[in-house]
Amino acid sequence: VTDAAWETLSNQAVAAAGAVYFLALLAHLVQLSAGRRSAVSTTSARAGSGTGSVAVDQGDDRQDAARRESMFGRLGVLLTLIAAGVHLLALVARGLAADPNRVPWGNMYEFTLAGTFVVAALYLALLRRYALVWMAPIVVGVVLTLLMVAVIWLYKPIAPLMEALQSPWLVIHVVSAIIATGAFTIGGICSVLFLLKSRRGAGEGGYLARVPALDDLDRLSYRFHAFGFPVWTFAVLITGPIWAHQAWSSYWNWDPKEVWAFITWVVYAAYLHARATAGWKGRNAALLALLGLATLWFNFIGINFFSSTSQHSYAAPESAVVVGVPVETP
Amino acid sequence: MADAPARRSGELTLPELLRWGWRQLTSMRTALVLLLLLALAAIPGSVVPQTDVDSVKAAQWQEDHPTLTPVYDALGLFDVYSSPWFAAIYLLLAVSLVGCFVPRIAVYTKALRAQPPATPRRLDRLPDHTSYRTDLPPEQVLDRARTALRGHRIREAGEDGTDSVAAERGYLREAGNLLFHVSVLVVLVGFAIGSLLGYRGGVILVVGNGMSNNLTQYDEFEPGSLFSPDDLDDFYLDVDDFDVEWITSGRAQGQAQGFVSHVSYAVGDGEPQDYDLRVNHPLTVGDTDVFLIGHGYAPVITVRDGNGDVAYSGPTIFLPEDQTFQSVGVVKAPDARPQQIGLEGWFYPTYAFTEETGPFSVFGDARNPVISMQAYVGDLGMDAGTPQSVYELDKEDAELVTQGDGSMFRVDLALGDTVDLPGGQGSVTFERLERWNKIQLSQTPGKWIALGGVVLGLVGLCGSLFIRPRRSWVRARRDGQGTLVEVAVLDRAGGDDVGAALRELVTTLKDDPKEPS
């Protein structure tokens, strides 16, 4: 198989994954609307888990709707699983298309491709353990949207990596950043839902009714952040500096990307600190977590496009060399 | 005022004020505010160009914003990360940190030696508790509980009764927490050592030339405030050869890769050694790290003056402007007579020309190297005693050389060409083409301290996040209908799913827990 064929395969796989994610989203939306009819009285936090919803009324209509709900829930998960598989194929093919073969996260398009895959994979891996089906429409929607953004605005044909990126640290530094970004994103989704639910209340049969109880949401959000934070620390404060020292001669350069990664770290540190010591839970903690997520995404998108001083701005063609201006004394 | 001031209520004496201030500073809320303040304070440095990060860009910005510059300068916005207000935040944070964890170390060591607290009289008052009846005798239930709670510290039976088991686990969480806090200080120390005792310097070396590692050889030098030039390692470094591959086809056409600088070096009077210096593969000599961070062309240009004497000859460093290595450079011949001669202009490694674009370079490799410069004669301002950049020509008192009829004159030279300046003012020859490497040298003492600190911090962090401190109690009492077993689990950190732990404990108590093999 030639490199060009791999690249075509990767592009087609991205399109196919997008289509299947879309179908999964549709399935989950049908599930939601069926759920509305099936169990108005279901207030159990775990109602969304697909198996837990019980029609109180014995009416045929309701039973039918409940069956439909559970069927479409399972269908949605299955489709998401397939889409994630194709998504993975797209990533692998992208790596194999490069000459020499390399990890598929050398530019923003590839980073987004990998990051969205991590979000989908994390969700699928923890689906049973934390009963995450209620999250399905949002996760699938976010993944689908980001994939579209990647294809439409960030797409770049495959090309050899610039010299500075050719390092084993590319694998370890970027993969940890991607994993942390995925975890923070899912944690952020929990925080947003927490805020919405605490404002509007559970409502009647609406989407928020299938979202877990506030305490559970809060704890879930904390868990994703607690997982993401050490990984982020590893990416930003260990592997990043080691690589920077090798490539740029200084382990911390106050490059805009580094500054914002540090800001993100500090905000999430404040989040965990507030939870651990000041007993901040719920609303304030959720707001802090979302502030962290905002800095994270700004760092990824904003700095790459708007900062010309960042040595990380791989969105733009890199300048060939870095040179200072020596001064001559007469 | 003359009277001895009576103490009003709410008035604090100095020690009281200090104690109050210390308490405020070391409170959790203050630590939180300081953390967020640190994040906020870091932002301007990513928006305003920093002198330390990119001095060229910072100078450019200052030129473009003449009104804002003095204000920003006064606020330290061009040097945010070494400004007093930024330092104030992280130093306060460090103090707050110390004030926070030192008392906690004492508390923790005490807690380490203490027994788990006795079983509360009413277990059903705890948020997570349950009870069940069994036919087993209480002693057996408690035995099972001891086995089920292995890995916990179990309170020794004392006078407070033998009808229950009190256990606690997760002592290492606080240890991890403390380790994390200490490691932040370790990192700060490592970072401070690096920026005070280290240095960073750059030198541009024409391939075939070398340098000995002393201050005079550097083109730029940024020492830490406690760095002494005596700390420079004693070695020399020669750039013997330089290879670069140009991608000539495909999407990355025109991109350069595989830069290798073949260097030789020797420490003191030692044996010379060879090293292939590449991006991402620095050379370490003693405490000094040597990096290849740039490259470019250095055409060898000879200038003859009006008398026919050689006024300048040598490789001239041209700085690349973009990926095609179209480069800009300056030649100064202050010894030319009767008048000093200066040249300013472009070097094109693969020269091309169209009517629309004018001259440009199509490729970074030197396929068709051409120099195109303008000539100036007169006073180049080099005798005034003010430092001048080698890349800028002072044209204030110099005059542009034109053709006899006043039309434009350019020194356009292909490799090996010579052009005579009009009016018998001299000639310029493009002898041959050399390359230069930009080498960066730095000493970063304390980097291992900083790295060790971060790694320890990560270990501590994981401990403090993932170790779940829990207290568990099992009480078994005989009553009329058999044995009443009460079980309770208390989460000591928050965020723990205690319900699951409680269920698990009860399940193990009900069936026989496996004996440890």
Side-chain angles (χ1 to χ4, degrees), chain A residues 157-160 162-164 166-167 169 219 222-223 226 229-230 233-234 237-238 241-243 245-256 259-260 262-263 266-267 269-270 272-279 281 295 303 307-309 317 319-330, chain B residues 28-29 31-32 35-36 38-39 42-43 45-46 49-50 52-57 81 191 200 202 204 219-220 247 251-252 255-257 259 279-280 282 289 291 293-296 319-320 322-323 325 364 382-383 385 387-391 438 440 442 444 447 454-455 458 461-462 465 494-495:
Chain A
I158 202 146
M162 59 183 280
E163 189 85 356
Q166 291 175 10
S167 162
W169 293 106
R219 188 183 309 147
Y222 168 75
R223 282 197 170 144
F229 189 68
T233 308
F234 180 69
L237 298 180
I238 294 184
I242 292 177
W243 191 9
H245 182 261
Q246 278 194 0
W248 302 328
S249 87
S250 165
Y251 62 82
W252 193 262
N253 299 286
W254 294 111
D255 175 273
V259 171
W260 278 90
F262 175 69
I263 291 172
V266 168
V267 173
L272 292 175
H273 194 268
R275 287 195 72 113
T277 58
K281 279 183 135 191
T295 64
I303 295 297
S307 170
S308 51
T309 50
S319 66
V321 281
V322 188
V323 269
V325 179
V327 166
E328 168 188 75
T329 40
Chain B
M28 295 299 178
R29 198 162 290 272
L32 209 57
L35 264 178
L36 291 175
L38 185 67
I43 294 177
S46 73
Q50 299 293 292
D52 283 352
V53 177
D54 193 338
S55 53
V56 180
K57 201 146 268 170
Y81 306 110
F191 198 79
R200 175 144 70 147
I204 289 184
D219 295 321
E220 44 193 83
I247 301 176
R251 292 197 187 110
Q255 194 173 311
Q257 63 171 17
F259 318 102
V279 178
N280 275 323
D289 294 311
F291 304 82
I293 61 167
H295 65 108
L319 300 178
D322 58 27
Q323 247 194 317
F325 277 75
M382 295 175 73
D383 308 321
Q388 255 187 9
S389 164
V390 288
Y391 302 108
K438 169 110 192 243
Q440 186 141 302
S442 66
T444 322
K447 63 184 171 194
V454 187
V455 171
L458 185 60
L461 182 67
C462 288
L465 286 175

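These values consider heavy atoms only, across backbone and side chains, with no hydrogens, waters or symmetry-generated copies. In what follows, chains are A, B, ... by sequence order, proteins preceding strands, each numbered from 1.
- Once rounded to the nearest 0.5 Å, the distance linking CG of D289(B) with OH of Y251(A) reads 12.0 Å.
- The CG atom of L35(B) lies 10.5 Å from the CG atom of L272(A); values are rounded to the nearest 0.5 Å.
- Heavy atoms of P157(A) lying under 4.5 Å from chain B belong to its backbone as well as its side chain.
- For the pair L36(B)/V266(A), no side-chain contact is recorded, criterion being any heavy-atom separation below 4.5 Å from C-beta on.
- Using a 4.5 Å cut-off between heavy atoms, Q50(B) does not touch chain A at all.
- Atoms OG and CG, from S46(B) and D255(A) in turn, are 10.0 Å apart once rounded to the nearest 0.5 Å.
- Across all their heavy atoms, V454(B) and L237(A) have their closest contact at CG1-O, 3.5 Å.
- Distance check: I263(A) CD1 to I43(B) CD1 gives 4.5 Å after rounding to the nearest 0.5 Å.
- For Y81(B), the ring-ring contact (aromatic ring centres under 6.0 Å, His included) criterion is met by W254(A), F86(B), not counting sequence neighbours.
- How far CH2 of W248(A) is from CD1 of I293(B): 12.0 Å, rounded to the nearest 0.5 Å.
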Applying side-chain contact (heavy atoms from CB on, under 4.5 Å), run through W169(A) and N280(B) and close with a yes or a no. CA-CA 10 Å; W169(A) 293 106; N280(B) 275 323; over 6 Å; no
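- With sequence neighbours excluded, the residues forming a side-chain contact (heavy atoms from CB on, under 4.5 Å) with S250(A) are N253(A), R200(B), listed by chain and number.
- Side-chain contact between L465(B) and P230(A): present, with at least one pair of heavy atoms (C-beta onward) separated by less than 4.5 Å.
- With a 4.5 Å cut-off on non-hydrogen atoms, I247(B) touches chain A through its side chain but not through its backbone.
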